[in-house]
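Notes to accompany the following structure.
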Amino acid sequence: MPFKAQSNTLDALPQFWQVWKNPIFHRYRQSRLRLPSLITGFLLYGGSSMFFYLISLGITLTHAQQDNMVDTAIFPFALIVFLQLFILNFVGTGEVAAGMARESIDGVLTYQRLTPLSPATKIIGYLSGLPVRQFYHFLVTLPASILVISSGHIPLHVWGPIYTVLLTSTLMFYLLAMSVGLTMGKKFSALISQGLVALLYFALPQLSNFGFVIFEYLTIRPTIFSAAQKLTDWRITETHSASSSLGKSATLYTVFLFKAFSVGSFTACCFDAGETRRRTF
């Protein structure tokens, strides 16, 4: 009977893909999504994204002398994308690194390693729970993105690759932040993680000028440049077919690199969690 009860208890544990049942995710959801923070995030980020949309609409109606935003929608769309990039990749990375360092120093991470949850479930719980406030901030900017895309008739092959690379790069940076948070002190982990993101975005791509082109694809920059080129060629239909293959290959190459780094980091974290648990017992 005790073995049967223990088996039923283990079967009731959430799987790694059941985020809505993950206790680590619910812990951070309850602590970081309180009503004051929800209101502040909605006013700050939702208001900023709608401000970009209204400014573009005003320019269209007054200066461009047009009835639609076909030619002016790209400017607020770019501003909103950069705002979402800042929320997910910079602010979110700092939150993950600082949260993991705090868990490690306070001893909560050691307790989590001894729980019957699988290593993958714990990592998914931290990846979805620590930046849950940034996920909410990202969601409140989506209505403005949808308005700009629909009003400006921005095609799927322009904005689809941008958001695909943005989400995959977010996963990679969060796994990087988890590693930094576990190895560095609580005081400097967030700053170091954000510094690494800035290094990947601004310093390492400069090595492409010396032949190291692969460092350029560790950022979202090639996808943004190819999307801008595709949008220009979409406006000028006679050159559209010549550039579509270039933009597609840049997007696929960037996504492949992000996924490769993410899978490798995720596997290393799972292996480390499993080895720590076995050494403890």
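FYI, the numbering just counts along the sequence from 1. Every heavy atom of this structure was used, including side-chain atoms; hydrogens, water molecules and symmetry mates were not.
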Donor-acceptor under 3.5 Å ([X] side chain, [Y] main chain):
| X | Y | result |
| --- | --- | --- |
| His137 | Phe42 | no |
| Tyr126 | Met100 | no |
| Tyr174 | Leu88 | yes |

Open item on the list: Checking side chain to side chain contact (heavy atoms under 4.5 Å, CB included) between Phe25 and each of Ile124, Val19, Thr121, which is the one that passes?
Closed with: Val19
Open item on the list: I need the full list of side chain to side chain donor-acceptor pair (under 3.5 Å) pairs touching residues 30-48, with sequence neighbours left out, sorted by first then second residue.
Closed with: Arg32-Glu95
TODO: Keeping to residues at least two apart or across chains, list the side chain to side chain donor-acceptor pair (under 3.5 Å) pairs with something in residues 139-148.
DONE: Gln84-Thr141, Gln84-Ser145, Ser145-Tyr163
Using the side chain to side chain donor-acceptor pair (under 3.5 Å) criterion, which residues pair with [X]? Sequence neighbours excluded.
| X | result |
| --- | --- |
| Tyr28 | Glu103 |
| Ser49 | none |
| Gln134 | none |

Kindly compute the distance separating [atom1] ([X]) from [atom2] ([Y]), expressed to the nearest 0.5 Å.
| X | Y | atom1 | atom2 | answer |
| --- | --- | --- | --- | --- |
| Leu167 | Phe138 | CG | CZ | 5.5 Å |
| Ile123 | Asn22 | CD1 | CG | 11.5 Å |
| Thr93 | Ile87 | OG1 | CD1 | 12.5 Å |
| Ile24 | Leu130 | CD1 | CG | 9.0 Å |

With sequence neighbours excluded, residues passing side-chain contact (heavy atoms from CB on, under 4.5 Å) with [X]:
| X | result |
| --- | --- |
| Ile146 | none |
| Pro143 | none |
| Leu156 | Trp159 |
| Ala97 | Ala177, Ser189, Ser193 |

How about [X] and [Y]: do any of their side-chain heavy atoms sit closer than 4.5 Å?
| X | Y | result |
| --- | --- | --- |
| Val81 | Phe77 | yes |
| Val148 | Ile154 | yes |
| Leu117 | Pro23 | yes |
| Leu166 | Asn89 | yes |
| Leu147 | Met50 | yes |

Task: Heavy-atom closest contact (Pro76 atom, Phe52 atom, distance) - done: CB-O, 3.5 Å
Open item on the list: Are Leu83 and Leu139 linked, directly or through intermediate hydrophobic residues, by side-chain heavy-atom contacts shorter than 4.5 Å (ILVMFWY only)?
Closed with: yes
TODO: Say whether Leu44 and Leu33 are linked into one hydrophobic cluster, either directly or through other cluster members, by side-chain heavy-atom distances under 4.5 angstrom.
DONE: yes
